[in-house]
Amino acid sequence: MRSNIFHTICNIGDRICNLVIDGESCENVVSEEVVDKLGLKTEDHPYPYKLTWLKTGNDIRFSKRCMVSFSIRKKFQDSVFCDVVKMDACHLLLGRALAI
């Protein structure tokens with residue numbers, strides 16, 4: 001059982017969204033629904049890739065990304081590139097930061 005998962009809400013623009021922080025993941029993912037409803041600008045992913053753990057039985061190909069600006073309780077604000085994918089687990093999924 002995974003134990004490094006934290007669930008809360010955040011604001012993206014003027015909308016309240018579900019946020020999951022997964023300390024065992026390295027991906028930052030935003031729901032395609034959020035991108036469409038909020039009119040977030042997407043761009044082609046510079047390094048498209050497939051992921052298998054997000055959806056059982058199928059590989060998911062990430063070919064788009066977008067910059068998402070979000071806040072948590074007006075005390076924390078950040079912007080992060082997120083890969084765009086259809087998902088219903090949450091609106092925004094953040095993994096642990098990677099040092100580059």
Side-chain angles (χ1 to χ4, degrees):
M1 179 163 220
R2 296 176 74 137
S3 60
N4 293 330
I5 295 179
F6 176 75
H7 180 266
T8 189
I9 57 172
C10 69
N11 288 75
I12 301 175
D14 61 349
R15 301 283 180 101
I16 296 173
C17 298
N18 293 319
L19 167 67
V20 172
I21 299 173
D22 181 358
E24 293 185 14
S25 171
C26 296
E27 288 81 26
N28 294 325
V29 181
V30 64
S31 167
E32 192 175 83
E33 177 185 20
V34 169
V35 172
D36 292 342
K37 285 188 176 181
L38 299 181
L40 300 177
K41 183 180 174 186
T42 64
E43 62 183 46
D44 290 336
H45 200 291
Y47 306 101
Y49 65 98
K50 291 182 182 179
L51 193 65
T52 57
W53 68 263
L54 195 59
K55 187 175 181 183
T56 305
N58 292 323
D59 291 342
I60 296 176
R61 181 167 173 78
F62 292 93
S63 59
K64 296 284 185 188
R65 72 177 187 174
C66 74
M67 181 65 71
V68 178
S69 297
F70 67 98
S71 64
I72 300 173
R73 297 185 186 209
K74 297 183 182 181
K75 295 183 183 224
F76 176 81
Q77 296 180 0
D78 202 359
S79 296
V80 63
F81 269 115
C82 292
D83 302 327
V84 180
V85 68
K86 286 184 182 182
M87 69 173 173
D88 54 9
C90 62
H91 296 116
L92 185 61
L93 171 66
L94 301 177
R96 61 184 157 85
L98 293 175
I100 298 176

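All values below were derived from every heavy atom in this structure, side-chain atoms included, with hydrogens, water molecules and symmetry-related copies excluded.
Across P48 and S63, no two heavy atoms sit closer than the pair CB-CA, 4.4 Å. Smallest separation of non-hydrogen atoms from F62 and H45: O-CB, 4.2 Å.
With H91 contributing its side chain and N18 its backbone, the two residues share a donor-acceptor pair below 3.5 Å.
Rounded to the nearest 0.5 Å, atoms CG (D22) and CD (E27) are 9.0 Å apart. In this structure, CG on N11 lies 7.5 Å from SG on C17, to the nearest 0.5 angstrom. Put simply, CG on D78 and SG on C10 are 11.0 Å apart, with the number rounded to the nearest 0.5 Å. Taken from CE in M67 to CG in L40, the straight-line distance is 11.5 Å, to the nearest 0.5 Å.
Both L94 and V68 are part of a single hydrophobic cluster, where members link through side-chain heavy atoms under 4.5 Å apart. Hydrophobic cluster membership is shared by L93 and Y49, with clusters built from Ile, Leu, Val, Met, Phe, Trp and Tyr side chains linked at under 4.5 angstrom. Under the 4.5 Å side-chain heavy-atom criterion for ILVMFWY residues, no single connected hydrophobic cluster contains both M87 and I12. In terms of hydrophobic clustering, with Ile, Leu, Val, Met, Phe, Trp and Tyr side chains grouped at heavy-atom distances under 4.5 Å, V29 and I5 are assigned to a common cluster.
A side chain to side chain contact (heavy atoms under 4.5 Å, CB included) with T42 is found for one member of V35, V30, D36 and no other, namely V35.
Here N28 pairs with nothing under the side-chain hydrogen bond (donor to acceptor under 3.5 Å, both in side chains) rule; sequence neighbours left out.
Side-chain contact check for V34 versus L92: every heavy-atom pair is 4.5 Å or farther apart.
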**Message:** The test is side-chain contact (heavy atoms from CB on, under 4.5 Å); show your working for F76 and F70 and say whether it passes.
**Reply:** CA-CA 8 Å; F76 176 81; F70 67 98; 4.0 Å; yes
**Asked** Between I9 and L19, does a side-chain contact (heavy atoms from CB on, under 4.5 Å) hold up when you go through it step by step?
**Response** CA-CA 5 Å; I9 57 172; L19 167 67; over 6 Å; no
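Ion pair K64/D83 not flagged as a salt bridge, since none of the NZ, NE, NH1 or NH2 atoms sits closer than 4.0 Å to an Asp/Glu carboxylate oxygen.
Counted within 6.0 Å of CZ on R61, heavy atoms from surrounding residues, nucleotides or ligands total more than 12; the atom is thus considered enclosed.
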